[in-house]
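Notes for the one structure printed next.
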Amino acid sequence: MIHHKIRKLVILTIASFFCISVNAQEAPKKLKEELAILKIIDKHKISKGVTIPQDIKSRLGATHVGGKYFLTQEPYLVEGAKQLHQLGFGVCKLWFYKNPSGYQYNSNWNLAPNISLKQLAQHPYYQQAFDVPFTTFMLSTGGSGIKSMVNVSDSGLVKEQQEYYELTKYLLEKYQDREVTFILKNWEGDWILRGGVGRDAQWGRVEPPADVAERFTSMMKAFKARQDGVSQARTEVQNTKCKVYHSIEVNKVIDAMYGVPTLTNNVLPHVEVDMVSWSAYDATDFDKKGIDLYRGIAYLRSKIKPTAYVKKPIVYIGEIGIPEMATKNLPTEFEERWDNYLAVCLAQDIPYVVIWELYCNETAKDVKIEQPNFTNKETDLNGFWLLKPDGKPGYAMQYFDKVLKTQVSHGNKVK
């Protein structure tokens, strides 16, 4: 028994030494890689005079949903779309669900109980929002066929595909004379996979549930149904300037890179999709330099199975933000972080970068505000905003205003 324990101790000691030796050998390689990435990021910084793409306006945008304040008396959905356009952005991301709880201010939706996605797009508020001349609308959405993406039914999948088909066909025909893009997407898919955002959803720290394989299969079916609906409509309606795409949004790419079960590793390689969106807080919350964001984009791109329609893997940043009040960064730190993140996206030729968000939706600790209630106090909020409750620009807007106006004023070169 004693000899057995001694032998086990020797084995563990040798194994530990081996791991330390391997890690020590890998460390210089990792450092060299990080320095190379930082060099690329530095080369693409706006602050360093990089050439700004001519289409930068059509690449940049923000989300408008669920804010805790409003600045006009217009219907809240319409107000946000107009504000984003006035700020100079070309991309508008909206929530497009049959319960418009995030758009209650100055609004009377009066929706029918069994409204379809096509009918929702015909609602006067969405019609007014879509009339704003953005180049791209991103719609976070889902039909009536899928109540739970991790537990789909065959009949529900048929209904979901039909709703996506009808919506896509309507958009392609309605806007056939307009060069505009609509992207239909889900909300952060890895949280849906994990059933929430609490402790049990922190896979990698806790074991995934026993039915994880069944959840993956279910989500593959759900995404396929939605993609099939979009693809079917595109096949039928070809004489149109409007484009409609389907996108899968993931939000745990860094976990995927460490082998944790995720949509990135376990779903994307098995289902065709037009585009993949990354809600990238897992890369930006702990890395201000942009290294994780750069690596994550490359990793994510390697996992995508693109449709024949798009031909190549397309990754975009569907959500990225820094809470101004919660982080307490200095103005110069905010600008430096945004400069790093945008540089990564320029270096990786990312087609869209969508900021969270126009008006802050997150309340400070111990503060509860639900629409139609509102606040005028900055201290009630975490600071995910382009415009504050008084209408003044936050640090993010100050940075992107500089980017957008520089491109307009000087062609495409920062002076």
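Note: hydrogens, waters and symmetry copies are ignored here, and every other heavy atom, side chains too, is used.
Aromatic rings of Trp338 and Phe400 (six-membered ring for Trp) have centroids within the 6.0 Å cut-off, being under it.
There is a side-chain donor-acceptor pair under 3.5 Å between Trp385 and Glu324. Side-chain contact check for Tyr299 and Asn265: at least one donor-acceptor pair (N or O, by modelled atom type) lies under 3.5 Å. Side-chain polar atoms of Glu272 and Thr307 form no donor-acceptor pair below 3.5 angstrom. For the residue pair Glu335/Tyr395, the side-chain donor-acceptor check at 3.5 Å is not satisfied. Donor-acceptor pairing under 3.5 Å is lacking for the side chains of Asn251 and Ser279. For the 3.5 Å distance criterion, the side chains of Tyr245 and Gln227 fail to qualify, holding no donor opposite an acceptor. Remark: the Tyr352 side chain and the Ser58 side chain contain no N/O donor-acceptor pair separated by less than 3.5 Å. Between the side chains of Lys185 and Thr141, no donor-acceptor pair is found at a separation under 3.5 Å.
Taking the six-membered ring where tryptophan is involved, the planes of Phe130 and Tyr126 are tilted, since the angle between them lies from 30° to 60°. Under the 30°/60° scheme for interplanar angles, the aromatic rings of Tyr105 and Phe70 are found to be tilted. Between Tyr103 and Trp109, the ring planes lie tilted relative to each other; the angle falls in the 30° to 60° range. Between His246 and Phe223, the two ring planes are tilted [angle within 30° to 60°].
Counting all heavy atoms, side chain and backbone alike, Gly318 lies closest to Ser277 at CA-OG, 3.1 Å.
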- Task: Could you walk me through whether Lys368 and Thr363 pass the side-chain hydrogen bond (donor to acceptor under 3.5 Å, both in side chains) test, one step at a time?
- Result: CA-CA 7 Å; Lys368 293 185 178 181; Thr363 55; over 6 Å; no

- side-chain hydrogen bond (donor to acceptor under 3.5 Å, both in side chains) assessment of Asp339 paired with Tyr399: CA-CA 8 Å; Asp339 207 38; Tyr399 173 77; 2.7 Å; yes

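Taking a cutoff of 4.0 Å between a charged side-chain nitrogen and a carboxylate oxygen, Lys377 and Asp390 do not qualify as a salt bridge.
Just one of Val354, Leu386, Asn361 meets the side-chain contact (heavy atoms from CB on, under 4.5 Å) condition when paired with Thr63; it is Val354.
Using modelled atom types, one side-chain atom of Asp190 and one backbone atom of Leu263 make a donor-acceptor pair closer than 3.5 Å.
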